[in-house]
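Following: one structure in structure tokens, then a few remarks.
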Amino acid sequence: MADLVPPLTAATCVTALLAGLAADLSWEIWARLITPQLPGVGGPLEPEALIRSVFGLSSKPLAEAIHAVVGVVFYPLGYLFIARPLQRIVLPSLPWWLTGAGFGVGLWIFALFVMAHLVAGLPAFLGFIPLTWASLGGHILFGFVTAFVVRWREKRTG
């Protein structure tokens, strides 16, 4: 089991934070710059609106901060300590980039089914509108970048 998860060291924490920063930056570029250009989407992805709906918040900056902290801190830890260990047990030969993409799909399901549908009462996956698919692309990108940075850091630090 010890080889399934990384040791909880300063290097692991730095890896998680770097992965989170890079992945969140990639998400923001996708969500705010690329998504509005996609046919039928009509605007940027606004996860803070979902967060406000789920938690009953009125503050957009607070919802943005919550999304940033979750993306930079908690999701990369989820990749390192939950998603990748599960992949190593269930599909040990799966390449890192597919593990990352699968992690992104899992985040998308969590956001648009669990949080949006089960918690906030919105249609499951927002009714599969074009924004749903743009969100899937952004979450896959997030997962891929997380996995890439983790792999890069682990190769670099041994």
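Remember, it's a predicted structure, so these values are computed and weren't measured experimentally.
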Query raised in the report: If you count the non-hydrogen atoms of other residues, nucleotides and ligands that lie under 6.0 Å from CZ in Phe148, is the total more than 12?
Result: no
Query raised in the report: Trp108 pairs by ring-ring contact (aromatic ring centres under 6.0 Å, His included) with which of Phe103, Phe113, Phe125, Trp27?
Result: Phe125
Requested in this report: Report the C-alpha separation of Ser135 and Thr132 in whole Å, then their side-chain angles, then the decisive distance to 0.1 Å, and conclude whether the side-chain hydrogen bond (donor to acceptor under 3.5 Å, both in side chains) test is met.
Outcome: CA-CA 5 Å; Ser135 177; Thr132 303; over 6 Å; no
Requested in this report: Would you sort out whether Ile66 and Leu57 count as a side-chain contact (heavy atoms from CB on, under 4.5 Å), showing the intermediate values?
Outcome: CA-CA 11 Å; Ile66 291 169; Leu57 300 173; 3.8 Å; yes
Query raised in the report: Closest heavy-atom contact between Leu8 and Cys13?
Result: CD1-SG, 4.4 Å
Query raised in the report: Shortest non-hydrogen contact from Ala22 to Val145?
Result: C-CG1, 3.6 Å
Query raised in the report: Nearest heavy-atom pair of Ala116 and Leu126: which atoms, and what distance?
Result: CB-CD2, 4.3 Å
Query raised in the report: Is the side chain of Trp30 donor-acceptor paired with the backbone N or O of Ala134 at a distance under 3.5 Å, no angle test?
Result: yes
Query - Heavy-atom check, side chain of Gln87 versus side chain of Tyr79, under 4.5 Å - result: no
Report task. Mind telling me whether Trp96 and Phe144 have parallel, tilted or perpendicular rings, with 30° and 60° as the class edges? Result -> tilted
Report task. Decide yes or no for Val14 and Arg153: does some side-chain heavy atom of the first lie under 4.5 Å from some side-chain heavy atom of the second? Result -> yes
Query raised in the report: Using 30° and 60° as the class limits, which term best fits the ring planes of Tyr75 and Phe142: parallel, tilted or perpendicular?
Result: perpendicular
Requested in this report: Before giving the answer on side-chain contact (heavy atoms from CB on, under 4.5 Å), spell out for Leu112 and Leu136 the whole-Å C-alpha distance, their side-chain angles and the decisive distance to 0.1 Å.
Outcome: CA-CA 9 Å; Leu112 294 188; Leu136 175 60; over 6 Å; no
Requested in this report: Look only at the side chain of Thr12 and the backbone of Pro7, and say whether a donor-acceptor pair between them is shorter than 3.5 Å.
Outcome: yes
Query raised in the report: Are Val73 and Leu107 connected, step by step, through hydrophobic side chains (Ile, Leu, Val, Met, Phe, Trp, Tyr) whose heavy atoms are closer than 4.5 Å?
Result: yes
Query - Within-4.5 Å side-chain heavy-atom neighbours: Leu80 and Val5 - result: no
Query raised in the report: Excluding sequence neighbours, so at least two apart, what forms side chain to side chain donor-acceptor pair (under 3.5 Å) with Arg84?
Result: Glu154
Query raised in the report: Around Phe128, counting heavy atoms of other residues, nucleotides and ligands shown, do more than 12 lie under 6.0 Å from its CZ?
Result: yes
**Report entry** Value rounded to 0.5 Å, distance of OG in Ser93 from CZ in Arg88
**Finding:** 13.0 Å
Requested in this report: Give the intermediate values and the outcome of side-chain contact (heavy atoms from CB on, under 4.5 Å) for residues His67 and Glu28.
Outcome: CA-CA 11 Å; His67 189 257; Glu28 290 297 332; 4.3 Å; yes
Query - OG on Ser26 to CD1 on Ile140, rounded to 0.5 Å - result: 14.0 Å
Query raised in the report: Any side-chain heavy atom of Trp133 within less than 4.5 Å of one from Val41?
Result: no
